[in-house]
Amino acid sequence: MSLGVAVAALTRASLLTTMRYRASFVGEAVMAVAWAAWTAAPLFVVFDQAPTLAGWTAEEALAVIGFFIIAQGALEALVDPNLRAVVEQVRQGTFDFVLLKPLDAQLYVSLHRTEPIKLVHCLVGLAIVAHSARAIDAGAVELASAALLMLAGLTLLHSLWTVVVSSAFFFVKVDNLSWLIRAGLDAGRWPVSLYRGVVRFVLTFVLPIGLVTTYPALALRGELKPSTGLGALVISVLFGMLARVAWIRSLRRYSSASS
Amino acid sequence: MFRAFPTLLRIGLAEAVAYRAELVIWVLTATAPLISMFIWDRVAEEGPLGGWGQGEMARYFLLTLIVRHITSSWVVWELNENIRTGGLSPMLLRPMHPLVFFVAQNLAAMPLRAVILAPLIAGVMWWRPELMWTPEPWTVALGLLSAALAWVIAFTVQVIFGSLAFFSQQSLGLFNVWFGLWSLGSGYLFPLELAPDWLRQGLLWLPFRATLATPVELLAGLVDGPSALRLVLAQLVWVGVFLGIAALTWSRGVRRHEAVGA
Amino acid sequence: MIQVNALSKVYPVPKRGEGLWGSLRSIFSREVEEVRAVADLSFSIQAGERVGFLGPNGAGKTTTLKMLSGLLVPTSGDRVVAGFDPSKRDPAFLRRITLVMGQKQQLLWDLPPIETFALNRALFGLEEAEAKRTQEELIELLELGPLLTRPVRNLSLGERMKCELAAALLHRPDVLFLDEPTIGLDVRAQVAVRRFIAEWNERSGATVLLTSHYMADIAALCPRVIVIAGGALRYDGPLKDLAERYGGGRKVIVRTRDEAPEQLGPFVREDGALVARLPSAEVTAAVDFALRQVAVADLSIEEPPLEDVLSKLFAERT
């Protein structure tokens, strides 16, 4: 049907665009492995000093790193390039052309600029999670629920990003905001239960990177209470709705105030 | 050349004030030591490690944050940008070395960086008051000297990678590799004292710790006299080495620039 | 095809105080100033018409085009375009209109134009065979053949504009909003774009509403013009009557072989020639008079330059 055709055409165009700039799959893969090693190194130093930390072993915390790398890969492949493109379009006024296409604008801006080669990072992250799952000896149920929570976490990230893009219609310098959020998300490489008080609250509910990295790892360990898991799913659905509302409101503002 | 320096500082400060929003964002994005602080605080909670309790952890990472912001600069990006776009050419025509300009720009932004950092510092001190310590005067003196040397090394390294842009499109990529190794080897993400033995021994021979861990450990009073002197001497050696490399890459690069143009 | 009734647009613009103190104060108390971009504008355009939309910078032309294409919500008044309320941006509506902006481009910068065409065909859900046919037609009319496989960033401004037009017309819209499509182009490219717009209008029967600062565009393309200034309608009617009404009429210039006669009729002496400024109805009589009374060496009739007419019209404040 025509929606599928439109999505395929958008994906094709952004593939062609990014292919002009970077081509080396091997180079990207090497970078991805080095990046993963760099991300995991502090963890090994910590667990060299303490065999378990707040109930987490090194292998289990490694799963958090794995999910973190998957999330970052998804951000860099699918989310960040789109964000930069929209900010640029709003700045130059060419966003008007997006609105004049007979396709949902939120769908359009989520797809129109992607860098699929960065998905290599997700593969490396998956490998780390797989290693960790074997060490933990996770069963089928655990794997399935971890996968479900990971998907929920990724949609959550996408919603968060949509909110950021929506703010591009109010403030111009959103790319700076996205750097700040990226720095905040960096805290997600550690299990969120290692943090205390305000920081933990923020990482669970405000900038919910904990939901993206820690909860799937908890599910993998089989320690996620069904109610908590359900709560995480509810939160990601809520964020999705929030993002939709923010998007529609900012579009309305765009079409009443821009010149 | 040095008569112009106060003017350069004044302009640099005005510039930093004009870009204050960007500066705030930039300071806030370089707060990785705070994350490490929370994690290591948790580790120390289950029992002090080799004399490091929660107070020492907080002290170490607070100083890491401060020294990191004292010693960081943007020269590598500035040089890269100016070399690529040809903006360096007019700078070469001024009767002043372009690097003097960048030094002034860097120093001039320090007061503003301090202002932005102050609430974070206050927050950490309120959160973990145990971090307070009474340092010996000689450690403070040596620590400040060491911080100044760390600034020189960090700045020079950026000049080296920045002037690689004379020769290669990939200079920023190379700098990112350096930054990755640096953050693991300098004590930025974890205290070197608590790293595995083989790593700590190896890092003694590498330049990374001279730009961060050395002044931090001195200021925190975590090092005894003889090793303090040894560490500062090592810094002096690195200052010499990097200044030499920078002089070489810069002069070669400028000659190439003059020959090829930008 | 286009019905506009009492359309108004008011922008709230936050008032900023001067200096540091002023900008601090404006964080807390937001004084808002209202800027009226379009005021009580009404007109209607029939299917197939080519209408020039004129006005000085900041007159509200672009604002009006954006309201008509659904990008901007009007403060009051209503408009119907192709039977739709544009504000809803109904996909069925978007398939019937197009907007081309000379200052902004929709072509994918790093890819050849052919890729933007492919993307638009998919986005508009066009039937492949028919869309291909339209595409071929546009490529031929605009002579795009050699440009199709070169990345857009390597094209000249004029080449890019021609590709923009093709990309915007693939879905064969019934209404074309063209906002300064010739801006910045050299004379040859301007002529090419102009010719194409006229040709396409005739072939497809689409309605064209065009703004431009180049009067040659308007003179060549638009039998009818709508002039606005300060957001309000100043003139709506045939282009030729515009010159009549605001240009001080046509200019008849007569050079004589010998001394001018005593009887000058409608003429006055100006720089050694006889000159008369007249409404067009009286021009024949004046020429008649000159031929009978004077030994004519040379006789010419000049239209007032459109630029002069317009600057007179813009200057006139109501």
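Remember, predicted model here, so these are calculated numbers, not experimental data. All values below come from the heavy atoms of this structure, side chains included, with hydrogens, waters and symmetry mates left out. Residue numbers start from 1 in every chain, and the chains themselves are labelled A, B, ... in the order their sequence lines are given, proteins ahead of strands.
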Neighbourhood of chain A inside residues 180-190 of chain B, taking heavy atoms under 4.5 Å as contact: B:G180, B:S183, B:L184, B:L189, B:F190
Heavy-atom contact with chain B under 4.5 Å, split by part of A:W190: side chain
Flag, side chain of A:S132 to backbone of A:I128, donor-acceptor distance under 3.5 Å: no
B:Q158 and B:S73 side chains, donor-acceptor separation under 3.5 Å: yes
B:R20 with B:E15: basic N within carboxylate O range, under 4.0 Å: no
Please tabulate, one pair per line, all N/O donor-acceptor pairs under 3.5 Å involving side-chain atoms of residues 53-70 of chain A, not counting sequence neighbours.
unit_1 : atom_1 : unit_2 : atom_2 : d
A:W56  : NE1    : A:S193 : OG     : 2.9
A:T57  : OG1    : A:E60  : N      : 3.3
A:T57  : OG1    : A:E60  : OE1    : 3.4
A:E59  : OE1    : A:H131 : NE2    : 3.4
A:E60  : OE1    : A:T57  : N      : 2.9
A:E60  : OE1    : A:R221 : NE     : 3.4
A:E60  : OE2    : A:R221 : NE     : 3.4

Side-chain heavy atoms of A:L156 within contact of A:V212, under 4.5 Å: yes
A:R249 CZ: over 12 foreign heavy atoms closer than 6.0 Å: no
Pairwise side-chain contact, A:E115 with A:E76, heavy-atom cut-off 4.5 Å (strictly under): no
For B:R42, all residues meeting side-chain hydrogen bond (donor to acceptor under 3.5 Å, both in side chains), sequence neighbours excluded: none
Plane angle bin for A:H158 and A:W161 - parallel if under 30°, tilted between 30 and 60°, otherwise perpendicular: tilted
Residues of residues 40-49 of chain A contacting chain B, heavy-atom criterion under 4.5 Å, by residue number: A:A41, A:P42, A:V45, A:V46, A:D48, A:Q49
Proximal component of B:L49, with respect to chain A [non-hydrogen, under 4.5 Å]: side chain
Engaged part of A:R196 at the chain B interface, taking heavy atoms whose separation is under 4.5 Å: side chain
Engaged part of B:W40 at the chain A interface, taking heavy atoms whose separation is under 4.5 Å: side chain
Side chain to side chain, B:W52 and B:L222, heavy atoms closer than 4.5 Å: yes
Trace of the salt bridge (charged side-chain N to carboxylate O under 4.0 Å, His left out) decision for A:R182 with A:D80: CA-CA 10 Å; A:R182 288 287 290 272; A:D80 238 28; 3.0 Å; yes
For chain B, the option from A:G184, A:A34, A:A187, A:G197 that forms the most heavy-atom pairs under 4.5 Å: A:A187
Side-chain ion pair, B:R59 and B:E130, N-O less than 4.0 Å: no
